[in-house]
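Right, one structure below, let's go through it.
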Protein chains: 2
Amino acid sequence: MNLKELSDFLKLSPTTVSRAINGYPEVSEATRKRVVEAAEANNYHPSHLASGLAKGKAMAIGHVIPLSKHMVMNPHFSDFISGAGDVYCKAGYDMLIRVVAEGEEESVYKKLAKDGRVDGVIVHGPSNYDARIEALQDIGIPFVVHGRTNQDESTYNWVDVNNVRAFKRATNYLLDLGHRDIAFINGFEFMNFAMRRRSGYEEALHEASIEINPEIMFTGEMTEPQGYESMKQLLKRAKPPTAILLSSILPSMGAMRAVQEAGLTVGKDVSIVTFDDQLSFLQNSGDIPMFTSVRSSIRDAGVRVAEILLDQINQPKADPYHELWEAELVLGKSTGRPVSV
Amino acid sequence: MNLKELSDFLKLSPTTVSRAINGYPEVSEATRKRVVEAAEANNYHPSHLASGLAKGKAMAIGHVIPLSKHMVMNPHFSDFISGAGDVYCKAGYDMLIRVVAEGEEESVYKKLAKDGRVDGVIVHGPSNYDARIEALQDIGIPFVVHGRTNQDESTYNWVDVNNVRAFKRATNYLLDLGHRDIAFINGFEFMNFAMRRRSGYEEALHEASIEINPEIMFTGEMTEPQGYESMKQLLKRAKPPTAILLSSILPSMGAMRAVQEAGLTVGKDVSIVTFDDQLSFLQNSGDIPMFTSVRSSIRDAGVRVAEILLDQINQPKADPYHELWEAELVLGKSTGRPVSV
DNA sequence: TTGTAAGCGTTATCAG
DNA sequence: CTGATAACGCTTACAA
């Protein structure tokens, strides 16, 4: 059943029926009631394609998600997406996802933005210099970046965590406890967030006049095995570091496993501080959380990013909008003074 | 730039231009080349809404994802989705996701199916009796279920793992090793897959004439903390079970943590067998995997489910199609004979 | 308050 | 091989 049929059935014009259904003010209460009831009874739902075409709005937001070489989705996405998706849903928007091979992202973004299927897009996982930003600016479609790049950040919308500060604080906390050998297991450093985290770590060490030691710094895809393997390497050293900083709770689980396998105790023999995105399925909670961490919810980020994008769509001339969040430092069971001190 | 403008520019009719771009056979190679180049040069992309409207195809597949009470997305989704999304992308389809509160799913599915935004939908996480199935059958939209229900399974498309068999084998393996006290940490049993797993476990115990003991059987949301807490409970018992069966690698990580915290060793003091969905971010691999498991890739399931749906869309009169997969039993480091035997 | 008619950007039909 | 014309199902001036 389409609009025409429904209006024939009601002996009304399509116009009136459309107005009634979309809640326009000029239609009388009596007819509105009749229309809505008939629509319900006949199980009529307006075609989104047709209304989108007519109004020039797609009522959808695009996400482009790159698969890594192993064809997997970064697990951090699922929490971000559940936050964003919830916002869209409440506002009547849909989430459109394109999963693409790494490298094709820019062209896919362009196509997505141009073919009129979405009213705005989210940029995930910005690299240090990210061509998507200029591409989207050229096209003129509203977008919000989750994170930042090294490009002029005043020209686009973004929400980011203060990664430099977070990792500086984390490092300082370990220094205060008396640690001097602090390893760092980071994400890939072409990702902007990872680069900033490294800066925070290095700044803190510099200020404490401790030399940076590349031998105890790792980068890679933030997975459980990454943490496990890296930690195993570290424990093999003649003088293993007494503390480790990690970029996500996933490798932290792996690191903990390696420590325990070696018969050592986390929080005593080895201190661990992690960045806790508060992944829903790996809660670092309890009376005293398992891990000491710098914490910021990635789901909340998804919510805010989505809200900001919808705002920008409704006020296209608004100035670029930014939010920089501070991470909490939460003490857990995984840190203590180094034994030898 | 739209089709009309491009065709004016080329001094051709919109028809011809459309045909050239869509690769219809009746257009000459010369004009096709000219058209494609001009489209490229002018950065022309056809409007998906318009073409969808004209062809009556949306070129999108709908997924409805329920948030749990804690507003989080089940992490198993992200792997499933990356598999499905990859298939869609290669076939030129988009993935449309609606994130909804638990309970609203059925009505959202109906709306999604009716408003013409998608050409088919995927049903996730079927419960034992799932009203969505009949709703979608009434509407007449193609759909594929990931899993099954207790309804007549010959009437709809599905892909499922043989959960009964998998958990029966897992239990039998532990029995063969000599275990008699085998605990079971399951998902919520209103989910059909969880119910089937329980059946497999119980069948094996029955056949071995071992009594079912509800005190060592848990159900809940499959998270790390669930495994941790349940395991802690079990270890408090006067005579803790010597082996545990778990429904996902997430609670298994938690269980392992509890065992290690208690100063015990997994694979010696406590044997663990898990169901391994091969979650990308928690690989149970290595020369000898960390966990003994019954294994079936949830990402592969996403791939197959998507492929089947696209097939059904292209051959609307095809009979319902099913695939029942057998899980592998993979031996890892987490199992051994009970110490007391 | 309601209706008429012209779009929105494509594709499909049919004729040339 | 190419082109005019009518859909696709809805919204929106403009009229009544």
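What you see is a predicted model, and the numbers here were worked out from it, not measured in a lab. Order of the sequence lines fixes the chain letters, A, B, ..., with proteins taken first and strands second; residue numbering starts at 1 for each chain.
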Starting from P on C/dT4, measure out to CG on A/Leu12 and report it in whole angstrom.
11 Å

Assess whether atom NZ of B/Lys57 is packed by more than 12 heavy atoms of other residues, nucleotides or ligands within 6.0 Å.
yes

Electrostatic pair B/Asp8:B/Lys4 at N-O distance under 4.0 angstrom:
yes

Nearest-Å distance, CE (A/Met59) to P (D/dG9)?
21 Å

Does A/Glu26 have more than 12 heavy atoms from other residues, nucleotides or ligands lying within 6.0 Å of its CD?
yes

Please check if any side-chain donor atom of B/Tyr129 sits under 3.5 Å from a side-chain acceptor atom of B/Glu134, or the reverse.
yes

Ring center gap for B/His63 and B/Tyr88 short of 6.0 angstrom
yes

Above 12 or not: heavy atoms from other molecules or residues under 6.0 Å from CZ of A/Phe190?
yes

Thinking salt bridges, do B/Glu37 and B/Lys33 make one under a 4.0 Å N-O criterion?
yes

Taking 4.0 Å as the cut-off, does a side-chain nitrogen or oxygen of B/Thr16 come that near to OP1 or OP2 on D/dG3?
yes

Could you check whether the rings of B/His322 and B/Trp158 sit parallel, tilted or perpendicular, using 30° and 60° as the cut-offs?
parallel

How many Å lie between NZ on A/Lys11 and C1' on C/dG3, as a whole number?
16 Å

Quickly work out the B/Arg117 CZ to D/dG9 C1' distance and round it to whole Å.
15 Å

Just how far is it from atom CD1 of A/Ile61 to atom CG of A/Leu112, taken to the nearest 0.5 Å?
10.0 Å

Rounded interatomic separation in angstrom, taking NZ from B/Lys57 and C1' from D/dA7:
19 Å

Contact string for nucleotides 5-14 of chain C, one letter per nucleotide 5' to 3', B = base within protein heavy-atom range under 4.0 Å, S = sugar-phosphate only, - = neither, reads B-BBBBBBB-

Check ion pair A/Asp138-A/Lys110 (N to O, under 4.0 angstrom)
no

Are the charged groups of A/Arg132 and A/Asp130 less than 4.0 angstrom apart, N to O?
yes

Contacts to DNA chain C from residues 26-37 of chain B, heavy-atom cutoff under 4.0 Å, which residues?
none

Report the distance from atom NE2 of A/His48 to atom C1' of D/dC8, rounded to the nearest whole Å.
17 Å

Note down the inter-axis angle between the two ends of the helix from C/dT1-D/dA16 to C/dG16-D/dC1, five pairs each, to the nearest 10°.
30°

